[in-house]
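What follows is a short report on a single structure.
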Amino acid sequence: MYSTTGIEASNYVSTYNTAFYFIAGVSLLLLIGLTITMLYFVFRYNRKKNPVATQIEGNTALEITWTVIPVFLALFMFHLGWAGWKPTAKPPKDAMNITVVARMWSFLFIYENGKQSPDLIVPLNTPVKINLVSMDVIHSLFIPDFRIKSDIIPGRQKFMWFLPQLEGKYKIFCAEYCGLQHSYMHSTVDVMTQEKFKKWYAEAAKPVAITGTGPGAAGEAIMRSQGCFACHTPDGTKLIGPSYLNLWGSQQVILRDGKEITITVDPDYIKRSVLEPNADITKGFPANLMQSYRSTITDDDIAKIIEYLKTLNDK
Amino acid sequence: MENEKNHIIPYKTFLYVLAGLIALTLTSVTLTQISLGAMTVTIALIIAAVKSSFVLSIFMHLKFENKMFSRAVIGVILLLSAVIAITLLDYLNR
Amino acid sequence: MNTILVTHRDDLASKTGMWLFLFTEMLLFGGLFIVYSVYRYRNPIAFHQAAHELSIIIGTINTIILLISSTTIAMSITAIQKKNKKLALLLLGTTILLGLAFLVNKYFEWGEHFKEHIYPGSAVLASRGHGDVLFYGLYFFMTGLHALHIIIGLIFILVVAVSIFREKINPENYVLLENSGLYWHLVDLIWIFLFPLFYLIT
Amino acid sequence: MSRENNTVEPSYLDYKGKYKGIFSWILSTDHKRIAILYLFSLLAFFATGATLGLLMKLELIAPGKTIMTAQTYNAFFTLHGIIMIFAVVIPGLPAVFGNFLLPIMIGAKDVAFPRLNLLSWYFYVAGVTLVLISQFTGQGPPDTGWTFYAPYSFRTTGNMLPAVFGAFVLGFSSILTGLNFLVTIHRMRAPGMTWLKMPLFPWTLYATGWVQLLATPIIGITLLMIIAERTLHIGFFDPTLGGDPLLYQHLFWTYSHPAVYIMILPAMGAISEIIPTFCHKTIFGYKFIVASSIAIAFVGYFIWGHHMFTSGMSGTALYTFSLLTFLVAIPSAIKVFNWIATMYKGSIDLQTPFYWALGFLFVFMIGGFTGLILGSLATDIHLHNTHFVVSHFHFIVFGGTGFAFFGAMHYWYPKITGKMYDTRWANTGLIIFFAGFITLYGEMIFLGMKGMPRRYYDYDEVFHTGNIFSSLGAIVMYFGLAVIIINLIASLRNGAKAPSDPWGGKTLEWTIPSPPPVENFDEIPVITKGPYNYK
Ligand code: HEA
Ligand code: HEA
Ligand code: CUA
Ligand SMILES: [Cu+2]
């Protein structure tokens, strides 16, 4: 993560390094210098060596010196930090726009042509502007190798931008505490050459890559990319939400407008559960945790999800 | 001990101040009812500030008390204003 | 100052303590004023219109009630200084009655809103948009907290009145009365700002 | 010293008052007994918090599940943070040593409002009790971190209300202590003790008092708003109700940044007492140290935004907050330089408290310097919410305030208990502790630079090596602390009797017997000279 190879994975690495090494360098010098001075005094003016202390009340000239010098050092440190921050506020005009939708506990990157991906795939040497959208609580998109991080605040328009300068795969972490699975909310940036990226980008027909085979594979792939498995399991384990095992067609007790009713899990119910999860709350589970997927899941997707759910019965 | 200087304020003073305060309240009500645009906020707050300075200095005896008290009150008000100003530094420039 | 601890009495110390406490109260409400200014800045129109729905008449009456009650409690200090116990008690009684009148008004005012289904968390309010939710949220919270202070102040004054009656508070030792006065004036002071912010700036 | 054995007055420990047994403690309004109440409750909470810290480190020794579930881990760092911040380091030095020594050091018989003082201890215990109750009731413990960030704190099913209300009550306790000290210092200084003849520990308590008084109400009201939002659905910070989550952060840090100076100022005060005593020398630049305390308290009020550099504040706000953050480092620098200058041409008596003071200076500098790196915008963007921050605040909170607390404990131990402790064990404990400390938190600096986010239950394989070191450090430190605490407890029984001035200190507390009599002074002293007069 913390590359010391001298190759800079993004445009921020060099400004970060300047500020970091200056402040850390001055600090280290001061730390060593002051510690040695201190230890020398302790040794030299030990009671055994110096039984009688010389009383010194103070020295104004000294006080002024050691106020003014740190002020200048501090101002310069501040300046380096500010100079390094300033570019982050101004994305280049020709930047590529990508939207990230963050929710508990996954990222989903949406491209201008509608393509969705749980990983961030970007072309080399092209400025990338990421619009930050959160569906529930505050998250934070953090790419350590790029030395960049930005909080994703629900209800706010925000963006971050960077220039990837080195091919490779880098980690993305969520850096703002967002609940149970916060430490599992991660992803990858894949910086590829322009040509490779173009090819990937053109495969727009299939929004998500299907890995498995069989009737539910498409649905499962959608759910994987949308991050449903952060809260639901296919194997009966209770995580945050109800498990999908034997869910399809079963009877469920739900709370609707504060009243308990029993329903059968049918296509309508699944659709409601995904698009308006807080209308019907499954008994024994918290409301307000699952948020609507209206912006990222289509009716077509829901049909596929149902196909998948059907495969989970009577295993 | 410092307990000796018990300044007695005559009843009349209080009644004058009360009259002033009520007058200011009514002024502020009438002024804000006529549409003054952006000035409304300023006027209403200035009047409120004048009213509170009356309450502080006469009702709360600040005028007759050790200077330390009034200085502290002013300090606290300035501190609070500074905090509001710095918070707004963020919001006004977003 | 070197008297024995038990009989030691320092009026200035207790007054200083009271003032310091008032500072914390000022900042307590100060935090809410920060919230108010930010949300007002971000939702000017909604705040503007919502303020129209509050009754200026009740607001003005309540302001005047509080001002008078402040005057009476301030005068009761003069009364005790002039050794006029009866007048002091009478003035304090008036203060308490005025405080209660303020609360009664508030009760009717809030009742009016509740009748229109405007209260925190109500569906009607939610349907009117974020600005209204914020305005009424702040309105109920700030005036509610203020009303709580009125109630505490009334209890404080009641205790003081009883002490005057029992002559525990007397022309030689009346710092408690002064402190209750200070507290009451602070409550008044806060209202002096709440009133224009919620009722007038429309 | 002549008064020592023939005092007529019983010491505060033997004093027989109206009540018997435990009631003579929990109903006592004597500032010294209240200080002891605080000391023991605080140590109990510290042990709880520290054990949670150790357990967290054991969990982090390897990726994946080691000893607990993610839910438990999240609950642990929340409780750890709440206890350590609100119940240990904020009350810490003021409530224990301030209560015990402030009146004595300024030549008074008690604080201005003794009953209020006792009340604030009750609030303190009640507040922590509420926080602890939240762990065992409702639907699971709170899991928001000690910062209670909105809107997560409205979404979580954890039992937030008692915890938030507990923090509110703890804030109340802190306000009452601050208020009491301010009035005490204003009104009860001994005759002749002008402001500039007051020792430095009371001075820092004075500056702290103002911060407690003027910052705590802000978090009080913020916590009340959270409660109102959770129970009554009043919209304040929840974006679904139109609120702004950033406003919550503003209000939270408007208190919580000044609060870090509530933690460190009294610690600096204690160090300013220890250094001259063991150097046998008047403090260097008294007035500058006083002025820097006030400057820290004042400027510290306006730099809260440095906790929000990545949250998307306006550029103007970022600029201001970063600049002021760097400026607040200057008064700390002045203090460090003056302390070291005090050692110059001193006659240094190497006793345990002085070792703690040296340790303090070292780790405080590391904490401060990591703070500078965080105060710089370009670097904070990368380091925010990583273990670098965790390292920073453990260095400065535990290293700064904690070291000063232990230093103060060893410095005033003879005065408070009337017994001497075993120096050899005390120093051994300190060395083990120090070694563990540096391994534990030093390693976190590098983990943070590599990008390990904080509040992570599980982590990427690349962070594994660093975490092993760090966790081993925690275990070493555990033993060091145990040695220190056991030594102090054992010395209560076995220690030699302490003279009234074992170290050759010159402030007023060393002029009265150890342990002090109930009324502190037979006769209130009249002050004619400065506090550190060794001529
Ligand atoms: C005792 C408590 C304490 C103290 C005293 C400090 C002191 C400082 N802190 Fe720290 N801080 C915390 C407790 C404390 N902090 C806590 C608890 C958090 C985390 C909260 C959370 O998120 O949970 C935090 C977080 C924190 C952040 C936010 C990080 C983030 O989340 O991204 C920042 C950023 O600016 C910061 C900066 C500083 C600075 C600049 C100082 C300065 O005051 C330090 C000044 C001292 C020195 C600089 C050393 C001495 C000086 C010299 C020897 C001379 C040389 C000096 C110069 C050349 C200038 N702190
Ligand atoms: C005073 C403040 C303080 C202190 C002393 C400590 C002490 C310790 N803390 Fe810290 N910590 C915080 C304040 C503090 N902490 C805060 C505010 C947070 C942020 C919380 C949040 O994110 O919301 C935090 C977070 C935090 C984390 C980060 C969690 C995360 O982000 O994932 C970790 C992880 O390792 C940690 C570890 C430790 C450890 C190992 C100790 C150890 O140093 C403890 C060491 C002590 C021992 C091991 C000795 C124990 C001794 C005994 C039990 C015997 C004592 C007996 C008697 C007293 C009679 N703490
Ligand atoms: Cu999302 Cu942490
Ligand atoms: Cu801070």
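Just so we're on the same page: letters track the sequence lines, and every chain starts at 1. None of these values were measured; they are calculated from a predicted model.
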Let me see the working for B/L45 and C/F193 under side chain to side chain contact (heavy atoms under 4.5 Å, CB included), right down to the final yes or no.
CA-CA 7 Å; B/L45 285 182; C/F193 283 93; 4.3 Å; yes

Shorter than 4.5 Å, heavy atoms on both sides: which option in [options] has the most such pairs with chain B?
| options | value |
| --- | --- |
| C/T72, C/I34, C/L67, C/V175 | C/L67 |
| C/W184, C/F33, C/Y41 | C/Y41 |
| C/T78, C/V38, C/I73 | C/T78 |

Measure the spacing between [atom1] of [X] and [atom2] of [Y] and express it to the nearest 0.5 Å.
| X | Y | atom1 | atom2 | answer |
| --- | --- | --- | --- | --- |
| B/I9 | C/M75 | CD1 | CE | 11.5 Å |
| C/S70 | B/F54 | OG | CZ | 14.0 Å |
| C/L66 | B/L21 | CG | CG | 11.5 Å |
| B/H61 | C/I77 | NE2 | CD1 | 4.5 Å |
| C/F23 | B/L80 | CZ | CG | 12.0 Å |
| B/M60 | C/D188 | CE | CG | 9.0 Å |

Side chain to side chain contact (heavy atoms under 4.5 Å, CB included) between C/F195 and B/T25, intermediate numbers included
CA-CA 10 Å; C/F195 173 59; B/T25 308; 4.1 Å; yes

Go through the atoms of [X] and report whether side chain, backbone, both or neither lie under 4.5 Å from a heavy atom of chain B.
| X | value |
| --- | --- |
| C/T16 | both |
| C/I192 | both |
| C/L22 | side chain |
| C/L189 | side chain |
| C/T63 | side chain |
| C/L87 | side chain |
| C/L197 | side chain |

Can you confirm whether more than 12 heavy atoms, excluding those of [X], are under 6.0 Å from its [atom1] atom?
| X | atom1 | value |
| --- | --- | --- |
| C/I45 | CD1 | no |
| C/F108 | CZ | no |
| C/K82 | NZ | yes |

Using non-hydrogen atoms only, which part of [X] is less than 4.5 Å away from chain C: side chain, backbone, both, or neither?
| X | answer |
| --- | --- |
| B/L88 | side chain |
| B/V17 | neither |
| B/L92 | both |
| B/T87 | side chain |
| B/V29 | both |

Minimum heavy-atom distance C/L200-B/S28, with the two atoms named:
CD1-OG, 3.1 Å

What closest approach, in Å, do C/H185 and B/V55 show between heavy atoms, and which atom pair accounts for it?
CB-CG1, 4.1 Å

Under the criterion side chain to side chain contact (heavy atoms under 4.5 Å, CB included), I'd like the reasoning laid out for C/W19 against B/L62: C-alpha separation, chi angles, the key distance, then a yes or no.
CA-CA 11 Å; C/W19 268 106; B/L62 274 187; 3.7 Å; yes

Treating C/T71 as the side-chain partner and B/L18 as the backbone partner, does any N or O pair qualify as donor plus acceptor under 3.5 Å?
no

Apply the test side chain to side chain contact (heavy atoms under 4.5 Å, CB included) to residues C/L27 and B/V83: give CA-CA distance (whole Å), side-chain angles for both, the deciding distance (0.1 Å), then the verdict.
CA-CA 10 Å; C/L27 278 139; B/V83 169; over 6 Å; no

